[in-house]
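For reference, the structure is listed below as C-alpha cells.
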Amino acid sequence: MSKPLKRIHLAAHFPGVNNTTVWSDPEAGSHIDFGSFVHFAQTAERAKFDFLFLAEGLRLREQGGKIYDLDVVGRPDTFTVLAALAAVTERLGLTGTINSTFNEPYEVARQFASLDHLSGGRAAWNVVTSWDAFTGENFRRGGFLPQEERYSRAKEFLATANELLDSWHGDEIVADQATGTFLRDAKAGSFVHTGQHFDIHGRFNVPRSPQGRPVIFQAGDSDEGREFAAAGADAIFSRHATLEAGQAFYTDVKHRLATYGRRPDELLVLPAATFVLGDTDAEAEELAQEVRRRQVSGATALRHLEFVWNRDLSSYDPEGPLPDIDPDVGDHHIAEGRAQVRMYRDPLATAREWRELAAANNWSIRDLVINTGNRQNFVGSPETVARNINHFVQADASDGFILVPHITPGGLDVFADKVVPLLQERGVFRAEYEGPTLRHQLGLAHPDDARGEQRAAS
Ligand SMILES: Cc1cc2nc3c(=O)[nH]c(=O)nc-3n(C[C@H](O)[C@H](O)[C@H](O)COP(=O)(O)O)c2cc1C
C-alpha cells in the first residue's frame, strides 16, 4: 500500500529588510506602513496559509562602519505589528522572531500570552539566539554572552517562559459572565525559578491563553541548534530548501526526536523558499533571471563579496574579475548585524572555489554573485511550481515552506491566486482552516493534552 499523502503547510515570510526583495520595482511598497502588513497578511489568509512570519533584526546592519543602505533600512517592533494584524485577520497564525539573548522571560512570556489571547490562539515564537556584541550594544549588553553560552541561555529562557505560562491552570479559573473571570486557587500564576541565567520569582499576571503556550519555532542550524529544536520546538525554520539538502536536514532532525521521547510528526520542518511564476516554464525562467539581476546591483555584488573577503572592495569593478588578494581571516568582521556572515565558515576555501567558478564561466564579480546566491527555489508555471512543492514535501525534503516573495507587499498575490488552487485540487493543501488556533492548522497537540496524559499516567 502506498504511503498516504502528506498535507502541505504553507507560510508567508513578510519581505522586510533583506536583499532578495526587489526594492527598485515600481510595485514595491513600504516595509513599514501598516497597509503593507495588512495586504500581505490578508492575502496569506485568503490563501488559507498556516501563518505569517516576521524575521527580526535588533540593530541596523553596518558594513565598513557605515549603515548598510543598499536595501531598505529599519523595522517596526514585532509584537506591535502582530497584535495589530490579529485585529484584521481571523485564522492566520502570527509568528514573531524574538531573541533569547537580549530579552527576559517574564516580559516575553507576557507578550506571547497576550498576543495569544488577542488573536484567539494564533501566536508563535521563533526563538533565535543571536549573541553578537554589536547587537548587544543596543541593550547595554555588548559582549555579555559568549557564543557558546547562547543555547544554554536559550534553553533556560524557554523553560522559564514555559514555567510562567504553565503557572496558570485552566481548571483553576472560573469564568463567570456576570462577575468576570476570577481565581479559585490563589496560587495560580505563582512561580519560582532559580538557575544559571535566571533567578526570578513572583506571580505571572496573564491568565492561560487559548493555546496554553505559543507554538515554538527554532531557526539555528548548528548541532546545538538542532538539539534545541529536537528537545522543545514545534517547528524549525531552516535554510535547506533544495531537494537533497532538505532531505538530509529533515532526516537529521527527525532522527533526533526519539532521544526526547518525541514522535517525528511533533516537529515540523519548514524551510524558507523563494519562487518566480510565469505563464509558461520558459517565461518564468526568464523572469527569474531578470529578478536575480535586479536583486544584485553592482554595488550589492561588491558588498556581498566583502562578506567573504572581509575587506573593503569598493575600488573593484563589479563587472571585472574577482580580487587576487585572499580574504582577511582576522577576528574583526567588516559586516555586522547579519546572519549571512556566518554562512561562510571557511572564507579561504570559498574564495578559492569562487575564483575557479568565475574563471571557468568567464564571470565578473556581479555574474558570480548572481549565479551563486539567491537562486529561486521554485521557478515555473503554476502547474510546475505546485507539482514541485508537492514533490518536495512527499519526498520528505520538508513538511511545507515559508515563502519569501520578492515584492513587498504584493508578491504573494499571484501564488495565492494560481498555485494554491492547484494544491487544493490535488488534495494536499487545505480548502478551509482546520480550527480556530494555529495548533489546529499545524496538527500540534495542545500542551494541556500532554499534561492530561501525564496526570493520567501518574
Ligand atoms: C533560516 C534562518 C532564519 C533566521 N532568522 C533570524 C532572524 O530573523 N533574526 C535573528 O536574530 N536571527 C535569525 N537567525 C539566526 C538563528 O536563530 C541563530 O541565532 C543563528 O543561526 C546562530 O545559531 P546556529 O549557530 O545554531 O545556527 C536565522 C537563522 C536561520 C537558519
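Every number for a ligand or one of its atoms is a count from 1 in the order of the listing. Quantities reported herein were computed from a predicted structural model and do not represent experimental measurements.
- Ligand-side atoms of ligand 1 in range of E56: 7 (C), 8 (O), 9 (N), 10 (C), 11 (O), range being under 4.0 angstrom from any heavy atom.
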Please test F157 against F198 for ring-ring contact (aromatic ring centres under 6.0 Å, His included), starting from the C-alpha separation and ending with a verdict.
CA-CA 8 Å; F157 194 115; F198 308 106; 5.6 Å; yes

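- Below 3.5 Å of separation, one finds an N or O of T129 facing an N or O of ligand 1.
- When each atom of ligand 1 is checked for a heavy atom of S222 under 4.0 Å away, the hits are 24 (P), 25 (O), 26 (O), 27 (O).
- Side-chain polar atoms of E156 and H197 form no donor-acceptor pair below 3.5 angstrom.
- For D221, a nitrogen or oxygen atom sits less than 3.5 Å from a nitrogen or oxygen atom of ligand 1, counting backbone and side chain alike.
- Both the backbone and the side chain of V128 come within 4.0 Å of ligand 1, counting heavy atoms alone.
- For ligand 1, the atoms closer than 4.0 angstrom to any heavy atom of A55 are 8 (O).
- Contacts between E224 and ligand 1 below 4.0 angstrom, taking non-hydrogen atoms only, are absent altogether.
- Just one residue in the list L412, I402, L403, T274 forms a side-chain contact (heavy atoms from CB on, under 4.5 Å) with H13, and that residue is I402.
- Taking a cut-off of under 4.0 Å to the non-hydrogen atoms of Y151, the atoms of ligand 1 that pass are 23 (O), 24 (P), 26 (O).
- Between F14 and F37, the ring centre distance stays below 6.0 Å.
- Using a 4.0 Å cut-off between charged nitrogen and carboxylate oxygen, R46 and D417 count as a salt-bridge pair.
- Near S130, meaning under 4.0 Å from any of its heavy atoms, are these atoms of ligand 1: 10 (C), 11 (O), 12 (N), 19 (O).
- For the side-chain contact (heavy atoms from CB on, under 4.5 Å) with F217, the lone residue among L270, T97, L268 that qualifies is L270.
- We find that D326 and R311 are not joined by a salt bridge, their nearest charged nitrogen and carboxylate oxygen being 4.0 Å or further apart.
- Each of F378, F401, F275 was checked for a ring-ring contact (aromatic ring centres under 6.0 Å, His included) with F415, and the lone residue meeting it is F275.
- Not a single heavy atom of R226 sits under 4.0 Å from any atom of ligand 1.
- For ligand 1, the polar-atom distance check finds no N/O of T97 at less than 3.5 Å from any of the ligand's N/O atoms.
- Residue-ligand proximity: R239 is placed with a non-hydrogen atom under 4.0 Å from ligand 1.
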